[in-house]
2 protein chains.
Amino acid sequence: MTDATQLRYTPLVADTEIIFERLRKEGFRLTSTRKAVLRLFLSGESPMTVPELLLRLSTEGISVNKTTVYRELDFLITRKLIREVQLGDGLRRYEYLKGGHHHHLVCVKCKNIECFEMKACLKEFEEQITAEKNFTFIKHSLEFFGICALCNGVTESAR
Amino acid sequence: MTDATQLRYTPLVADTEIIFERLRKEGFRLTSTRKAVLRLFLSGESPMTVPELLLRLSTEGISVNKTTVYRELDFLITRKLIREVQLGDGLRRYEYLKGGHHHHLVCVKCKNIECFEMKACLKEFEEQITAEKNFTFIKHSLEFFGICALCNGVTESAR
DNA sequence: ATGGATGCAAAGTATTTGCATGAGA
DNA sequence: TCTCATGCAAATACTTTGCATCCAT
C-alpha cells in the first residue's frame with residue numbers, strides 16, 4: 001500500500017515506430033491522421049478531450065475532421081492503445097495507455113493532471129470482495145483531487 | 001484495508017422531514033419540484049442521469065421542466081445534499097450524499113450500481129503522498145467495474 | 001409584495017450516423 | 001483494385017442561458 005511511483009512517459013520515437021509497424025502488420029492503414037493522433041498521445045500529453053485534441057492538431061497545422069477524430073479514438077481504444085478517463089468535470093478525456101494501469105492526481109486549481117502508479121494497490125481488497133460477494137472485477141478507476149505542489153507554493157498575492 | 005461494509009440507504013421519512021425543515025429554516029422554498037426531487041434521491045435510488053431523473057419524475061406523474069431539474073441539482077450539490085458521480089460511460093449521474101463517503105461497484109452487464117464503504121480506505125496512502133510531494137488532498141473517487149453476482153449466476157442460454 | 005423558483009425557447013457543446021468520396025496497401 | 005479511412009452535413013444528446021412569469025413565504 002505504501003508503494004507509489006511517479007509515472008514518466010518517455011516519448012520514445014522507437015515506441016511510435018513499433019506501434020506503427022504492428023498496426024501495419026495487422027492490416028491497418030497508417031494514414032497521416034492516424035500517425036498524427038498517435039504521435040500526440042505518445043508525446044506524453046495529459047489526458048485530452050476531443051476538442052482539445054482537435055485544437056492541438058490544428059495548432060500543428062494538421063487539419064482533421066472531428067468525426068475522423070472520434071472514429072480514430074474508437075479505433076485506438078479497441079486496439080487498447082489509449083483509454084477514456086473521467087476526471088470529475090463531466091468531460092471525456094483520452095490518454096495513451098502505456099502498458100501499466102495507473103491513477104491520477106488532479107489539481108483542481110491549475111487543472112494539471114499527474115499520472116502515477118500504485119503497485120498492487122487494490123488487489124487484496126478486490127480479492128476479498130470477490131470472495132465475499134461473487135463480484136468479478138474487470139477494472140477500477142481511482143482519481144485523487146486536490147491542490148498540487150505548484151499551486152500550494154503560489155501565494156494569494158502572487159496570483 | 002480489509003474493511004468493506006455494504007451501504008444500505010434507509011429511506012427514512014424522518015430524514016426527508018428533517019432536510020425539508022432545515023432548508024425552510026435557511027430561507028429556501030419548499031416547492032413541489034424540490035420536494036419531489038429530494039424524495040427521489042432519498043428513496044435510495046442508484047445514481048441517476050438527468051434524463052433518467054426526468055423519466056422517473058414523469059412516471060410518477062410529476063411534470064417538471066428539464067431546466068428546473070438542472071437548476072435543482074445545482075442547488076442540491078451546493079447544499080451538499082447530493083453529489084455528481086461518473087461511472088466511466090461519459091454520463092453525469094447524481095446521488096444522495098448520505099453522510100459518508102463511499103464508492104461504487106458497477107456491473108458492466110446489467111449496469112446495476114452498488115454503493116459500499118471502505119473505512120480508512122486510502123487515508124494512509126494520501127498521507128504518504130502528501131508527505132512526499134506537497135499535494136493537498138481534497139477528495140478522491142474510486143469505482144470498481146465488473147460482473148455482479150446476479151449476472152455471474154445467469155448462464156449464457158438463460159439470457 | 002418580494003425574491004427565489006419555474007417554464008419555455010433558443011443557443012451552446014459534445015457525440016453519432018449516413019453517405020459519397022478519397023487514398024493506403 | 002479493394003477496402004479502409006475520411007469529410008461533410010445532419011441528426012441526436014446533453015447542458016446552459018435569457019427572460020418573462022409564478023408562487024412560497
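Here the structure is a predicted model, which is why all the values come from computation and not from measurement.
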Under 4.0 angstrom between Thr33(A) side-chain N/O and dT6(D) OP1 or OP2: yes
From dA25(C), dG7(D), dT15(C), nucleotide with atom closest to Val50(A) side chain: dT15(C)
Phosphate-side-chain proximity, Tyr70(B) and dT16(D), N/O vs OP1/OP2 below 4.0 Å: no
Sugar-phosphate, base or nothing in reach of Ser32(B), heavy atoms under 4.0 Å: nothing
Option from Glu143(B), Glu52(B), Glu84(B) for which salt bridge (Lys or Arg N to Asp or Glu O under 4.0 Å) with Arg93(B) holds: Glu52(B)
Nearest-angstrom distance from the residue atom CG of Leu73(B) to C1' of dT6(C): 15 Å
Minimum heavy-atom distance between Ile113(B) and Ser46(B), given as atom pair plus value: O-OG, 3.3 Å
Dump the pairs, protein N or O against N or O of nucleotides 10-13 of chain C, anything under 3.5 Å, distances to one decimal.
none

Nucleotide dC14(D), atom C1' - distance to CG of Leu54(B) in whole Å: 11 Å
Heavy-atom closest contact (His104(B) atom, Leu87(B) atom, distance): ND1-CD2, 4.0 Å
pair Ile19(B)-Leu42(B): side-chain heavy atoms closer than 4.5 Å: yes
Of Asp74(B) and Phe75(A), the one whose closest DNA chain D nucleotide lies more 5': Phe75(A)
Val64(A) side-chain proximity, nearest of dG7(D), dA25(C), dA5(C): dG7(D)
Pair Phe125(A) + Phe116(B): ring centers closer than 6.0 Å: yes
Nucleotide of dA25(C), dT15(C), dA5(D) approaching Arg34(A) most closely (side-chain heavy atoms): dA5(D)
Beyond-backbone contact of Leu40(A) with Met48(A), side-chain heavy atoms, under 4.5 angstrom: yes
5′-ward residue of the pair Arg92(B)/Gly27(A) relative to DNA chain D: Gly27(A)
N/O donor-acceptor pair, side chain Arg71(A) with base dG7(D), under 3.5 angstrom: yes
Between C1' of dC4(D) and CD of Glu26(A), the distance in whole Å: 15 Å
Nearest-neighbour nucleotide for the Thr68(A) side chain, dT17(D), dA5(C), dG7(D) considered: dG7(D)
His103(A) side chain to Glu114(A) side chain, donor-acceptor N/O pair below 3.5 angstrom: no
Protein-nucleotide distance (Lys35(A), atom NZ; dG24(C), atom P), rounded to Å: 9 Å
dG4(C) phosphate, OP1 or OP2, under 4.0 Å from Thr31(B) side-chain N/O: no
Distance-only donor-acceptor test (3.5 Å): side chain Arg29(A), base dT3(D): yes
Phe20(B) CZ to dT25(D) C1', straight-line distance once rounded to whole Å: 16 Å
Nearest heavy atoms of Tyr96(B) and Phe41(B), plus distance in Å: CB-O, 3.4 Å
Protein-nucleotide distance (Asp89(B), atom CG; dT15(C), atom P), rounded to Å: 12 Å
Short side-chain N/O contact to dT6(D) OP1/OP2 from Asn65(A), under 4.0 Å: no
Between P of dA5(D) and CD1 of Ile62(A), the distance in whole Å: 18 Å
